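Predicted model, so just to flag it, every value in this text is computed and none were measured. The first residue of the sequence shown is numbered 1, and numbering continues consecutively from there.
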Amino acid sequence: MKLINHVLDIRRLIQQAFDNRFSRMGLRAEEEVPADQLNNDDHRERRKKLDNIMASHLAELGDYVKARQAAINECVFTLFNRIAAIKVMEAKELFPEIIRRRKENAGRSFEHNAWLEEHPDERNAEREGLKHFLQEQFDKLGEHIPLYRADYPYALMPTADELNEIIVQFNSIEDDPDCGEDVWKGDDILGWLYENFNAVEKEALKTSGEKTEYNKVSLQSQVYTPAWVVKFLVDNTLGKTYLEMYPDSRIKEKYKIANAPTKQVKYPKNLQKMRLLDPACGSGNFLIYAFSLFYDLYVDQMENYNKDYSRRDIPKLIVENNLYGIDLDERAAQITQIALFVKARVLGGHRSHWPEYTNIVSTHFFLPEYEKIEDTFEILGEWNSKQKATITEMWNDLCSAYKFGSLVRVEDRMNVFMPNEVNHSQFKDYEMQRLFDFKNNVTTQLRNQVNQWSGEGSNQYTLAKTNEAMDFLQIISQRYDVVVANPPYTDSADYGPELRAFVENNYKRPYKVHTNLYSCFIRRCSELAGDGKVGMVNPPTFMFIKTFEDLRDFMLNEEHISIFLHWGYLGMFTSTARVDSAAFVIEKDNFGEDSTFIKLDDVYEGHRYSTFVSIYDDICSNIQNDRVYVLHQNKLKEIKTYPFIYWISDEFRKKFAGKSVEELLKPAQGAATTNNNKYLRFWWEVSPDNISKDNKVDHKKWVGYSKGGPFTKWYGNVWLLVNWENDGYELKNSKAVLRNSDCYFQEGITYSASGSRSMGVAYRVHPVNSLFDTGGSCVFPRIYTNVPYIMAFLNSKLSSYISDCLNPTVNIQVGDIQRVPFEIPTHKIEEIVCRHALQCIEIRKHICEFSIIEQNYCKTPISNNGSINSGIKEFYTYENGLNTIVLLNESVINQEIFKLYELSNHDRQMVIDKEKEPVGNLSVSKEAKESFLNWIKSSKSYSISEEVKAFIEKLPETSNGKALDDLNSLYQNNNEFDKYCIRHEINPIEAWYQFNESEILPSQRTQVLS
């Protein structure tokens, strides 16, 4: 059984146990029984603690049922974490076994056996005093770890029988071969337990389809960061920072750090004052690994730099001084706190000093509205309106920390009007002193107010939350040497109303980084790092897409990219985490240095990690590797909107300096009817008398409508009509969005906004007298007006490659097409390309004449001569032959486009490696070539150009063509002739020839034709 199944079983048992307990205490599922009506005195006494907890949740949620469930949930994960942490500590042999039971101990744990020797009267108690025994063990641990203290808000216990069942289930994990007997020994086991514990809520959110509000962010994109990613980022932030101060340190012999400095570039800093923060710490895996690295740094200081540290004190120093974490989720913070205490004990040994506290905080706390404490601020001085507004905003930010965590910017509000390096000279000395006095007074009063708030009806719960608020204010107000994070990935389209308002108010100026939560975190981490380093892992969409242009601007102009791992789709996280990934380190200094990029996005995901290990070894050993690109980041700014296209040559990059599609043509996003069922029809659903031929003349109700569709180049998918009666009166007066109406009824080029990664995007004719949809956006002639040439260029391998560079997703947007460099062709190239493009259009339009679903349908493709089968076979030969001409024309077009752009052999090969060789360029058997040329000579419909003839003659020949054994699949399941050739990487001449020789009649298409 998988770990997740064990975790969910344990959770269910604990949930039921506490549900039972709450009910026994009068807090029933639907309503509460007043405490004074309980018959049992013991229940009335214990009810007091539950009432304190419930009061806080009721104040927060305002609903009894929700408050009860929230309180139970807190109790559930607290007991779960308590027992799980003991399992980890006893597996690491930090003390004798408390939970693990063995036969040699008569089916008890070692400690339970020993306890019964000291408490023989408990042998007759329920489950041999199990509940009392465990409470005593918790109390002992509570002397050092806050989670186990008796006054911990959710320190409740179920009955002995329920507790026994829970422990049995915990112990079954290591007995399960799928989990392994060493499952509790790993540093990351608590993190995996946390992720699996939340599986129920994550699945519920996923299936609900709801927008992501602040209270669901941690569930929406919770992905556990693999250990090797954590190591890569922490080594290249914390490790490199240390080497910048101590370049001769032997630490680089144990840790592989890219581009390790060879000379001192930073003044040495007291190690106790170095701080690392994870602002979205989750279960703390970044912090746990950083703990190990910090430990080695302290040892290095002792052994090589004469620092006076004790190995027994080092873990305590690290927890209390070096490691900081923030998370929205209280469970995450609790897990991380436990993990750090455990790690401290493991590294320090049994005689080490326990840390007295951690710097890990959950932002799940609540403070009063500003109006309730406003007077206490105003008695400190005479504030002007701007200062009063700033104080209000700071307090409101602090109050909203439970919603937005480390994204709130409490102190940054004040820095807006404080002196800085730029405007420092504009302030007189007394003005500066007043500003700094104001800042100090307000900051002090913020802390005082947070502290004083706990006095109003306080209990253990509110006191704990007050401490968290104070800790958060302290942590968020500091700057850090290193900030590392795997932040939430929530797209702006999925924001709930509150989250959207907060992000747009706080992360839209001066840089618009509000597009995704992870981009907000990149900006925020940079702020928190000050002059330090930031290491992050998140999706790579920001590298290319136009909506992230401001983020790229910020990263290239305000930060230095030290190292960047371009991972790609799948393979970094678990198999269920179907996301693109990138990991990088940025810093505020070293702007004169080059940036290092590692390109892995085009490697099969199953091989990526091993490839990365090999590449990274080469980087650390100063060995060149073809997948490593070293360049100054300013080169990325040479392309408009700053896409991170780091792998192209400098010569190729210069092509982007010329005119773009946006400057010479007009790419235009189409309309959105918002009700396609009402406004759209297929042409065969409408009387021909109502279909317009020229709307300016006939003013008929239905006009053409381009709306994407299947992969079809040159011509096709001309099926839809849109209601444009009375000049579109009904659409114009509905909720429809009619963009770029000045382009309506013009001839242009349409494409499918969503193609496949393997096939790319197909451009084809957008007929005159038509409108176009968002899913069938168009490109129209403007300064350059040769439509066939434009279409040919957009369908070329080079255009596809550049478009993919600008947006490597399957959804090519108008903004991406706009950025493609467009060179006006020479007359000769224009003539050749245009001639072949026109023939491609004519052929595809001609083929449509044989399909009953096309508007230009003329006749059946089956001749009256001979049998039906022979007629169908003859048509296949004809149709496949025409499609072969189209594919050969495309090869000639690609050849001419490459000439125009004057790409080097290296750059041309780079395009081909990515886009694949045009199938018309592939080798062909001599027999196939001769047969096809003979068929062309005898064909009365279409001939091939002299360029194509010459091209065919130069094709490499093979003695035997690539054998095709699945010709029956042709025309089935979206497997038309051109797609079949592309997928099989076979020359269309060879495919045409082998199909003719096979005498095969694919059943699905044959039935349709007949």
Side-chain angles (χ1 to χ4, degrees), residues 638-640 645 648-667 713-715 747-749 751 760-765 778-806 817-843 885-912 914-915 917-918 920-921 943-955:
E638 294 176 13
I639 301 177
K640 189 177 181 181
I645 306 176
I648 61 176
S649 69
D650 290 346
E651 292 75 19
F652 198 162
R653 199 181 310 279
K654 289 175 183 176
K655 303 296 180 186
F656 287 87
K659 298 288 187 181
S660 66
V661 166
E662 182 180 25
E663 294 170 276
L664 297 172
L665 310 174
K666 183 172 181 178
K713 283 184 177 181
W714 306 111
Y715 186 89
E747 179 189 22
I749 301 158
Y751 66 96
V761 180
Y763 295 87
R764 57 189 167 271
V765 170
C778 290
V779 179
F780 294 96
R782 193 162 64 88
I783 294 174
Y784 183 77
T785 59
N786 189 325
V787 173
Y789 177 86
I790 298 169
M791 193 186 307
F793 167 73
L794 293 173
N795 274 326
S796 71
K797 293 288 186 180
L798 180 59
S799 173
S800 178
Y801 177 81
I802 295 172
S803 297
D804 192 62
C805 287
L806 293 168
I817 298 172
Q818 287 175 337
R819 295 183 287 167
V820 174
F822 186 88
E823 291 199 20
I824 295 178
T826 64
H827 177 74
K828 182 178 179 181
I829 290 177
E830 181 181 54
E831 188 277 327
I832 294 172
V833 169
C834 191
R835 178 159 36 88
H836 288 85
L838 282 169
Q839 188 181 42
C840 290
I841 295 168
E842 290 169 7
I843 287 174
I885 294 174
V886 169
L887 292 171
L888 292 169
N889 282 355
E890 289 179 7
S891 287
V892 170
I893 289 169
N894 278 303
Q895 186 174 266
E896 296 301 313
I897 297 295
F898 277 134
K899 282 182 190 176
L900 175 66
Y901 279 78
E902 298 179 332
L903 294 187
S904 67
N905 290 335
H906 172 270
D907 288 334
R908 184 180 299 199
Q909 189 58 49
M910 182 176 61
V911 174
I912 295 304
K914 176 68 173 67
E915 297 298 315
E917 190 81 46
N921 293 24
S943 62
I944 57 176
S945 68
E946 292 299 318
E947 290 87 357
V948 170
K949 286 180 185 176
F951 185 83
I952 294 173
E953 292 298 334
K954 292 178 181 178
L955 284 174

Any donor-acceptor N/O pair, [X] side chain to [Y] backbone, under 3.5 Å:
X	Y	result
Glu947	Ile893	no
Tyr784	Ile790	no
Ser799	Asn795	no
Arg819	Ser660	no
Arg653	Ile639	no
Ser796	Phe793	yes

Worked verdict on Asn786 versus Cys834 for side-chain contact (heavy atoms from CB on, under 4.5 Å): CA-CA 8 Å; Asn786 189 325; Cys834 191; 3.5 Å; yes
Which heavy atom of [X] sits nearest a heavy atom of [Y], and at what distance?
X	Y	answer
Pro781	Glu747	CD-O, 3.8 Å
Ser891	Phe951	CB-CZ, 3.5 Å
Trp714	Ala792	CH2-CA, 3.8 Å
Pro667	Gln818	CG-CG, 3.7 Å
Gly920	Leu955	O-CD2, 3.2 Å
Val886	Ile843	CG2-CG2, 3.7 Å

[X] vs [Y] side-chain heavy atoms within contact, under 4.5 Å:
X	Y	answer
His836	Val948	yes
Leu806	Ile817	no
Pro918	Leu887	no
Ile749	Leu665	no

Check: Glu651/Ser904 side-chain N/O donor and acceptor closer than 3.5 Å: no
Pairwise salt bridge (Lys or Arg N to Asp or Glu O under 4.0 Å) hits with a residue in residues 886-912, at least two apart: Lys713-Glu890, Glu896-Lys899
Roughly how far apart are [X] [atom1] and [Y] [atom2], rounded to 0.5 Å?
X	Y	atom1	atom2	answer
Ile912	Asn905	CD1	CG	11.5 Å
Lys797	Asp804	NZ	CG	11.5 Å
Lys914	Gln909	NZ	CD	14.0 Å
Ile783	Lys659	CD1	NZ	7.0 Å
Arg835	Glu831	CZ	CD	4.0 Å
Ile832	Thr826	CD1	OG1	8.0 Å

Check against salt bridge (charged side-chain N to carboxylate O under 4.0 Å, His left out), Lys949 and Glu946: CA-CA 5 Å; Lys949 286 180 185 176; Glu946 292 299 318; 3.5 Å; yes
Parallel, tilted or perpendicular, as decided by the 30° and 60° cut-offs, for the rings of Tyr789 and Phe822: perpendicular
Geometric class of the Phe652/Tyr801 ring pair [parallel <30°, tilted 30-60°, perpendicular >60°]: parallel
Intermediate values then yes/no, side-chain contact (heavy atoms from CB on, under 4.5 Å), Leu888 and Ile944: CA-CA 9 Å; Leu888 292 169; Ile944 57 176; 5.6 Å; no
Steps toward side-chain contact (heavy atoms from CB on, under 4.5 Å) verdict (Phe780, Val787): CA-CA 8 Å; Phe780 294 96; Val787 173; over 6 Å; no
Asp650, CG atom: more than 12 neighbouring heavy atoms under 6.0 Å: yes
Verdict with reasoning, Ile802 to Phe656, per side-chain contact (heavy atoms from CB on, under 4.5 Å): CA-CA 10 Å; Ile802 295 172; Phe656 287 87; 3.8 Å; yes
